[in-house]
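Notes follow once the structure below has been shown.
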Amino acid sequence: MRIVELTESTRKNVLNDLLKRSPNNYSEYEETVNEILSNVKENGDQALFEYTLKFDKFQLTPENIRVTREEIREAYAQMDSELVEVIKRSAANIHAFHEKQLRNSWFDAKEDGTILGMKITPIGRVGVYVPGGKAAYPSSVLMNVVPAKVAGVTDIIMTTPPGADGKVNPGTLVAADIAGVGAIYKAGGAQAIAAMAYGTQSIPKVDKITGPGNIFVALAKKAVYGYVSIDSIAGPSEILVLADETANPRYVAADLLSQAEHDELASAILITTSRELAEQVSAEVDGFVARLSRREIMEKSLENYGYILLAEDMEAAIQAANDIASEHLEILTKNPFDTMTRIKNAGAIFLGEYSSEPLGDYYAGPNHILPTNGTAKFFSPVNVDDFLKKTSIISYSREALQAVHEDIERFAESEGLTAHANSIRVRFEEQ
């Protein structure tokens, strides 16, 4: 990996390089995506079936679009039984973590006759998109579905592309069944997003769409936002390791590559105050890449978006980490908890040498659907709140309103909204 001195100039260059990976930079695909969305919106199943035949080479019909219980049983039979138990334990951990995020409706009644509150209710129907083929990740099924179940969403559907034989990845089906998905439909790509956003004869309209996908899926989610809610427009995976001279270079190298193997646009960055560690990590990375299975992907990822940034001191290193606002941030310093207190921007923080990033991806419980491309500065991981709606409650007695009505009228009139003021004033007119 390239070793670069961390300066104001190199920091800006790294940030600019990372932002090039944003889905917002793929406008050349928007026309194609918008055409697909319009076609499905207007023609429903007919368009959905045509696109599935064109892109997935499978002829969908109203009779075979929904995954049957028999297909789910077949998926269990194809899965390693021990892996099924691992998925169940992972789902339990995710459920336990997200349960702690639940909030209840609340009401605050005062003696003056005012009652204010917040009514919290789950979203009615959620649609989860799951990629197919080699990009099928059962772990992402759990991360999307379990928080929705914890929130109390009772109607959860899932779409995922079929293979040319009409089959769905068995790991996807097993994870969906364990997580509690109500209905699974064989549809993928932008056309599946359109189906969930607008509804077709076979797939019901949802209120929110979550889940990762390729650039066409990302752009489709962006385009339908407003018709439905979405989780986020996810960018390529990224990891930043913040380390000092106490870090184990072999662990650091292994963790960097855990994200570089995702795809050629993935980013893997080490920021360290130790030149010796930087050189050791670079050598370890070369050794791992030479013998790991996704060598070409990792090499391309590291060539384009891999950096070892050598900082003058830990203060400069932490500032750069906050500027980058990485999806995954590992802290491998002498006192990682102290370092963590100075981190403001990160999707998820992993503390200490035995808290490597895949622990969060698969098992620990916190959600692995995280903000990317610097959006950790203002976005959060997927959580239970993403599947809840808050409704404000306001109740005033006559006496409570009488005490403040002139304030409200004055405020409304200052904005030129005389009907607003009148709505309050008429309640205190002399009869």
More than 12 heavy atoms of other residues, nucleotides or ligands under 6.0 Å from NE2 of H95: is that the case?
-> yes
Assess whether atom OH of Y362 is packed by more than 12 heavy atoms of other residues, nucleotides or ligands within 6.0 Å.
-> no
State, without any angle test, whether D244 and T246 hold a side-chain donor-acceptor pair at a distance under 3.5 Å.
-> yes
Within the distance-only criterion (no hydrogens, no angle test), does the side chain of Q201 pair as donor or acceptor with the backbone N or O of D45 below 3.5 angstrom?
-> yes
In terms of heavy-atom contacts, does CD of E70 have more than 12 from other residues, nucleotides or ligands at under 6.0 Å?
-> yes
Should Y227 and K41 be marked as a side chain to side chain donor-acceptor pair (under 3.5 Å) after you check the CA-CA gap, both sets of side-chain angles, and the distance that decides it?
-> CA-CA 11 Å; Y227 290 94; K41 184 179 181 182; 3.1 Å; yes
Mark yes or no for whether D255, through its side chain, and A253, through its backbone, hold a donor-acceptor pair below 3.5 Å.
-> no
Which value, rounded to the nearest 0.5 Å, describes the distance between K186 atom NZ and T61 atom OG1?
-> 9.0 Å
Return yes if some donor-acceptor pair links the side-chain N/O of K221 with the main-chain N/O of G211 below 3.5 Å, else return no.
-> yes
Are I120 and R103 close enough that some pair of their side-chain heavy atoms sits under 4.5 Å apart?
-> yes
Pairwise side-chain contact, Y307 with D17, heavy-atom cut-off 4.5 Å (strictly under) | yes
Do the charged groups of K300 and E296 touch, with an N to O distance under 4.0 Å?
-> no
Does any donor atom in the side chain of D56 or Y51 lie under 3.5 Å from an acceptor atom in the other side chain?
-> no
Does F411 CZ have over 12 foreign heavy atoms under 6.0 Å away?
-> no
Of all the heavy-atom pairs spanning A187 and P162, show the shortest one and how long it is.
-> N-CD, 4.1 Å
Quick one: are P131 and N214 in side-chain contact, heavy atoms under 4.5 Å?
-> no
Side-chain donor-acceptor pair present, T333, T339, cut-off under 3.5 Å = yes
Taking C-beta and beyond as the side chain, do P170 and E74 meet within less than 4.5 Å on heavy atoms?
-> no
Indicate the ring-plane relationship of F350 and H328, choosing parallel, tilted or perpendicular according to the 30° and 60° boundaries.
-> tilted
Establish, for the pair K208 and F387, whether the NZ or CZ atom is under 6.0 angstrom from the six-membered ring centre and no further than 45 degrees off its axis.
-> yes
For a side chain to side chain contact (heavy atoms under 4.5 Å, CB included) with I269, tell me which candidate from L242, L256, L18 qualifies.
-> L18
Close side-chain approach of H368 to S139, heavy-atom, < 4.5 Å | yes
Could you tell me which non-hydrogen atom of A179 sits nearest to which non-hydrogen atom of L142, and how far apart they are?
-> CB-CD2, 4.1 Å
Should the pair R89 and Y363 be classed as cation-pi, given the thresholds of under 6.0 Å to the six-membered ring centre and 45° from the axis?
-> no
Any chance you could measure T272, atom OG1, to M314, atom CE, to the nearest 0.5 Å?
-> 6.5 Å
Checking side chain to side chain contact (heavy atoms under 4.5 Å, CB included) for the pair I343/I318: CA distance, chi angles, key distance, verdict?
-> CA-CA 7 Å; I343 295 297; I318 290 171; 4.1 Å; yes
To the nearest 0.5 Å, what is the distance between CG (L302) and CD (E261)?
-> 11.0 Å
Could you tell me whether the side chains of D177 and Y76 share a donor-acceptor contact shorter than 3.5 Å?
-> yes
A195 and L48 have their tightest heavy-atom pair at CB-CD2, 4.3 Å
Give the intermediate values and the outcome of side chain to side chain contact (heavy atoms under 4.5 Å, CB included) for residues V228 and K205.
-> CA-CA 9 Å; V228 294; K205 182 187 185 306; 3.6 Å; yes
OG-CG distance between S229 and D386, expressed to the nearest 0.5 angstrom = 8.0 Å
Minimum side-chain heavy-atom gap E5-L309 below 4.5 Å | no
Heavy-atom count around E312 CD within 6.0 Å, excluding the residue itself: above 12?
-> no
Apply side chain to side chain contact (heavy atoms under 4.5 Å, CB included) to V67 and Y185, showing your working.
-> CA-CA 6 Å; V67 172; Y185 297 95; over 6 Å; no
Decide salt bridge (charged side-chain N to carboxylate O under 4.0 Å, His left out) for R250 and E353; before the verdict, give the C-alpha distance in whole Å, the side-chain angles of both, and the deciding distance to 0.1 Å.
-> CA-CA 11 Å; R250 190 166 177 81; E353 63 182 10; over 6 Å; no
Could you go step by step and tell me if K54 and E50 meet the salt bridge (charged side-chain N to carboxylate O under 4.0 Å, His left out) rule?
-> CA-CA 6 Å; K54 177 180 179 180; E50 289 173 355; over 6 Å; no
Whether over 12 other heavy atoms sit under 6.0 Å from F337 CZ = no
Does the side chain of I184 reach to within under 4.5 Å of the side chain of I157, using non-hydrogen atoms?
-> no
Residues E357 and Q259: side-chain donor-acceptor under 3.5 angstrom = yes
Distance in Å, Y251 OH paired with E284 CD, rounded so as to fall on 0.5 Å steps | 11.0 Å
Under 6.0 Å from the NZ atom of K12, do we count more than 12 heavy atoms belonging to anything else shown?
-> no
Could you please spell out the steps behind the side chain to side chain contact (heavy atoms under 4.5 Å, CB included) verdict for L265 and N304?
-> CA-CA 7 Å; L265 293 175; N304 291 329; 5.9 Å; no
Say you draw a straight line from OG1 of T210 to CE of M143; how long is it, rounded to the nearest 0.5 Å?
-> 12.5 Å
Within the side chain of D108, is there an N or O that forms a donor-acceptor pair under 3.5 Å with the backbone of L116?
-> no
Between I239 and E330, is any pair of side-chain heavy atoms under 4.5 Å apart?
-> yes
Indicate yes or no for a side-chain donor-acceptor contact from S202 to the backbone of P62 under 3.5 Å, with no hydrogens or angles considered.
-> no
For the student: nearest non-hydrogen atoms of H98 and V150, plus distance | O-CG1, 3.8 Å
Stepwise, does the salt bridge (charged side-chain N to carboxylate O under 4.0 Å, His left out) test hold for D338 with K334?
-> CA-CA 9 Å; D338 176 68; K334 185 176 182 179; over 6 Å; no
Is atom NZ of K390 surrounded by more than 12 heavy atoms (other residues, nucleotides or ligands) closer than 6.0 Å?
-> yes
Just checking, any donor-acceptor pair under 3.5 angstrom between side chains of T121 and K389?
-> yes
